[in-house]
Amino acid sequence: RLTKTSAASGSTAISDGCKIVQTPAIAFAVSALSSDSRTGFDFSEIARSALAASGGPLDTRLDVVEAALAPKMKAAIDGIRADFPKVYETFRKGKVGEAVFAAWEDGHPVLIEEDWQIAPDGSIGHERFRATEDQNLLMIGSGADAILRYVNLNDDWWKAPAPQALERLIRAAIDDAAATHADDVGGEIAILAVDASGQKWLRAGKCADTAAR
């Protein structure tokens, strides 16, 4: 689920849009500060354009994405700090943004997480995490605590076929949100598979309109 908060009114509007973004070779999903209407910051569009203008392996292409995002993300955060200090404090204590990029290279999957945080001096710090054979499940957004609890209680969750196993993790977060009355997790589950044959929706959910384009 993609949620957007109106800082002016403090209300939360739940979007029915798709959180997963597709490009010809790379798919990604972004959480936290995905857009800012005041400065025109739009993570998905900036990243999409940067990927289209870059080449080579995913690691190299993400260098281009980072360079394109950095000044616009800083401008958005500076604007939020000036206009909505409470919202800025929320970002300062957590993450400004986090995204997962997926591709298929040289006969194997590549999965990279990118995180952005506000440094003590007000600048935007950045970290990159590459999935490995031992650590290949990357989680962004809300519901991670519920997923970890589910994994600890169901140590054989991974034995099911991958789509079903992953859906169980997401469903655990949704069920936990319903039980605790959280409004930032939920909605239809969408599953996009990336393999040697390209990208294929196993379940489009709210991404059906995007998939059609």
Could you tell me whether [X] and [Y] have a side-chain N and a carboxylate O separated by less than 4.0 Å?
{"X": "D78", "Y": "K74", "value": "yes"}
{"X": "D42", "Y": "K72", "value": "no"}
{"X": "E66", "Y": "R128", "value": "yes"}
{"X": "E98", "Y": "K95", "value": "yes"}

- Task: Would you sort out whether W116 and F43 count as a ring pair (Phe, Tyr, Trp, His ring centres under 6.0 Å), showing the intermediate values?
- Result: CA-CA 12 Å; W116 291 265; F43 185 107; 5.5 Å; yes
Do you see a donor-acceptor pair shorter than 3.5 Å between the side chains of [X] and [Y]?
{"X": "D195", "Y": "S197", "result": "yes"}
{"X": "T60", "Y": "D63", "result": "no"}
{"X": "Q164", "Y": "W157", "result": "no"}

- Task: Would you mind reporting whether Q117 and E127 have side-chain heavy atoms less than 4.5 Å apart?
- Result: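 Yes; the side chains approach each other to less than 4.5 Å.
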- Task: Determine, step by step, whether R92 and E89 satisfy the salt bridge (Lys or Arg N to Asp or Glu O under 4.0 Å) criterion, reporting the C-alpha distance in whole Å, the side-chain angles of both residues, the deciding distance to 0.1 Å, and the verdict.
- Result: CA-CA 5 Å; R92 189 182 64 80; E89 282 302 306; 2.7 Å; yes
- Task: Among Ile, Leu, Val, Met, Phe, Trp and Tyr joined by side-chain contacts under 4.5 Å, find the other residues sharing a cluster with I140 and list them by chain and number.
- Result: V100, L111, L138
- In chain order, what residues pass the side chain to side chain contact (heavy atoms under 4.5 Å, CB included) check against E105, with sequence neighbours excluded?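 Residues passing side chain to side chain contact (heavy atoms under 4.5 Å, CB included) with E105: P57, L58, A103, V110.
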